[in-house]
Novice: 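Quick one: the structure is below, questions incoming.
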Amino acid sequence: MARRISALLSGLAAAALVSAAAFAADVKPAVIYDLGGKFDKSFNEGVFNGAQKFKKDSGVDFRDLEIQNDAQREQVLRKFAKDGFSPIMTVGFAWATALGKIADEFPDTKFGIIDMVVDKPNVQSIVFKEQEGSFLVGVIAAKTSKTGKVGFVGGMDIPLISKFECGYAQGVAYATGGKDEVFANMTGTTPAAWNDPVKGGELAKSQIDRGADIVYAAAGATGQGVLKAAADADKLSIGVDSDQDYLFPGKVLTSMLKHVDVATYDSFMDAKNGTWKAGIQALGLKEGGVDFATDEWNKTVLTADAKAAADAAKADIIAGKITVHDYTADNKCPN
Amino acid sequence: MSAPLKPLPAWADVALIPLVNVAAAFFISGLVVLAIGENPLEAVKLLIVGALGDLEGIGFTLYYATSFIFTGLAVAICFHAGLFNIGVEGQAYVAGLGAALVSLYLGAFLPGYSLAIVAILAGALFGAAFAAIPGYLQAKRDAHIVITTIMFNYVASALMGYLLVDVLRTPGQMNAETPGFPHYGDVPQFHELLKPLGIHWPVTPFNLTFLLALACAFGVWALIWRTRLGYAIRAVGANPTAAIYGGISPARVVIVTTLLSGALAGGMAANVILGEEHRLILEYTAGFGFVGIAVALMGRAHPAGIVLAAILFGVLYQGGAELAFDKPKISRDMIVVIQGLVVLFAGALEHMFRRPVAALLARRTTQPPI
């Protein structure tokens, strides 16, 4: 076993241990992606980008790994922990069960999980208030829509996506006094729904046929089909997670930003500076965890009026004057 | 199946040909590894050491192998009746439902290990029931089993997706999975079993189902070559028309064979759901049912060959994971390429080396081929 570990370490030398800074700072960060894979143009890739930025700014390298099946979750977590990696960031709610077990086995290792709460003394749970960001894009959609009808296309039908939908609907209702209509569809009930741009496009088209002129996609790679369908029909769409305005310039109204990159970067930096804390980090508008995108690609479509309304709502949410209901709290949406 | 030009001695057929095939697959894989700028010999070493170099690796290898033995046997038993069951993936998936329902809801009535035993039987029953429909359609309605079982994989996927998302999921839980099972109903893992004996085995998902898999392999061998039903299965596989003359009802044999196949596929649920995950998760079969086809082909549909082929695939899965772990350049997609090459050479191109090997052996031995 000892020989095996030393062989492993020498194998890793080039990647992780060669950096003198890693020894000096005493952090060996690692990222383990979900089954969706590292370069998914949205969620996992956001974490990768955050880790890359950390590497650039701090000079500390990180290890990352994509798993192949569910049986490997505990295996790779245990392995990373045994090899002294810390903090270890796991990407996605599917890690919760495995992490809950491994966190007990390695009480001195720092773990992180995104999109889920794992209540252990050495786990940092990073969750986002997607409902707040979705509320803002809902306000923007309502202020921009000419037909008074807007659409929402979700990925897999899980509470997390209903949380996006519910925040969006609340934003639309807030901006119009409940007059606008919101069409909502989920792409499917299996993980395949995250990667089905054709069906996403069809759902968007049907919503457009029913009169929607803005469609918000919260559906991973499926969303690219939604954005394309809206652009083809000369309507507007709203992207999600990363800034997707550039995909169809002038056709994407804005994007609901979920800063997993910032969260990852901050978590690793805190570990390096010795300020890493376990517990729940709920990142909303106030914490800069979610936002809407304004950039060179959407300046022609995002009107000053809509932006002002969204900014006002943002200030009110931060000040606590508006509370956006979280669907996952009671599995219900107020409207 | 198709008759070779020259009959080979049995040892060459079951050992030499598969070995040559695997060697060829590894050779091509080595070239691919070389092309991405890694040392192929080192990669092979990492793969083998990662899978067999210590008890932890061996535990994971045998855990994967257990699933492959079941899916391989399920495919093989149908081969003997001339049926190509592609639906093992779906049958194993639905079998997971049977095992999960028993573990979740009958815990109060079944004490101790009887819960696990009933759950295993329920898994086999659900797997068999799901295979029964394509089997019936093949036997009575001449609907080709390849087509129906392919489609039944989608039926299984949709059914389980619905149940896990809308019915069985804990409210508010994001993962599409059932709540955890009560732990007294688990199939025990070896590291737990060996602890009281003072033997330290690292924590791995390797569990008692492995022994059940070996028992099933022996059972399938005994069934196929030592019983009247096995004779009937082989007769129908060789020539259904002739089998009728022998007083055998092909329809009955087809249905019974697919039932047995589905039940064997259900063994995977015992290994993964009851032995490791202790909850039913979405898509838990992860393609192992399809790998079972490769395992059955490579094992030449003989239980002994299937056990060996299953262990080889276990090595590829576990060693592949270690390889991806130790060599960041070799991503998980590379591992799929290597596994795919083994399937290609062992399954699709299994007869490629048959003629040269036969010629070589014929030159070496003077005795006429048997």
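Sequence lines set the chain letters: A, B, ... in the order given, protein chains first and strands last, and positions in each chain run from 1. These figures come from a predicted structure and were not determined experimentally. Atoms considered below: every heavy atom in the structure, side chains included; atoms not considered: hydrogens, waters and symmetry mates.
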Novice: Can you name the closest pair of heavy atoms from B/Arg169 and A/Ile158 and give their distance?
Specialist: NH1-CG2, 3.4 Å
Novice: Please list, chain by chain and in numerical order, all residues satisfying side-chain hydrogen bond (donor to acceptor under 3.5 Å, both in side chains) with A/Lys199, sequence neighbours excluded.
Specialist: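 With sequence neighbours excluded, A/Lys199 shows a side-chain hydrogen bond (donor to acceptor under 3.5 Å, both in side chains) to no residue whatsoever.
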Novice: With a 4.5 angstrom heavy-atom cut-off, could you sort out which part of B/Val272 is near chain A: side chain, backbone, both or neither?
Specialist: neither
Novice: Measure the spacing between CZ of A/Arg63 and CG of B/Asp326 and express it to the nearest 0.5 Å.
Specialist: 7.5 Å
Novice: For B/Tyr284, is it the side chain, the backbone, both, or neither that has a heavy atom closer than 4.5 Å to a heavy atom of chain A?
Specialist: neither
Novice: Go through B/Glu177, B/Glu283, B/Arg279 and name the one with the most non-hydrogen pairs under 4.5 angstrom from chain A.
Specialist: B/Arg279
Novice: What's the separation between atom CG in A/Asp157 and atom OH in B/Tyr162, rounded to the nearest 0.5 Å?
Specialist: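 Nearest 0.5 Å value for the CG-OH distance: 12.0 Å.
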Novice: Tabulate, in ascending numerical order, the residues of residues 310-319 of chain B having at least one heavy atom closer than 4.5 Å to a heavy atom of chain A, or enter 'none'.
Specialist: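 B/Tyr317, B/Gln318, listed by number.
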Novice: Charged N to carboxylate O under 4.0 angstrom, A/Lys82 versus B/Glu56?
Specialist: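 Answer for the salt bridge query: yes.
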Novice: B/Leu55 versus chain A, heavy atoms under 4.5 Å apart: side chain, backbone, both or neither?
Specialist: neither
Novice: Side chain, backbone, both or neither: which part of A/Ile67 has a heavy atom under 4.5 Å from chain B?
Specialist: backbone
Novice: Which value, rounded to the nearest 0.5 Å, describes the distance between A/Gln72 atom CD and B/Phe60 atom CZ?
Specialist: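 Reported to 0.5 Å precision, the distance equals 8.5 Å.
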Novice: Tell me, out of B/Val336, B/Val203, B/Ile281, who's got the most heavy-atom pairs with chain A below 4.5 Å.
Specialist: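 Of the options given, most contacts go to B/Val203.
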Novice: Which one wins on heavy-atom pair count under 4.5 Å against chain B: A/Arg78, A/Glu74, A/Lys38, A/Glu105?
Specialist: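 Between A/Arg78, A/Glu74, A/Lys38, A/Glu105, the count favours A/Arg78.
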Novice: Determine whether more than 12 heavy atoms belonging to other residues, nucleotides or ligands lie under 6.0 Å from atom CG of B/Asn39.
Specialist: yes
Novice: Select, from A/Gln75, A/Met116, A/Glu66, the one with the greatest count of heavy-atom pairs under 4.5 Å involving chain B.
Specialist: A/Gln75
Novice: Which atoms of A/Tyr327 come close to chain B, meaning under 4.5 Å heavy atom to heavy atom: side chain ones, backbone ones, both, or neither?
Specialist: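 Nothing of A/Tyr327, per the 4.5 Å heavy-atom cut-off to chain B.
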Novice: Where on A/Thr97 is there a heavy atom nearer than 4.5 Å to chain B: the side chain, the backbone, both, or neither?
Specialist: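 The side chain, not the backbone.
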Novice: Using side-chain heavy atoms (C-beta onward) and a distance below 4.5 Å, is A/Met156 in contact with B/Leu282?
Specialist: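 With C-beta onward as the side chain, the pair touches.
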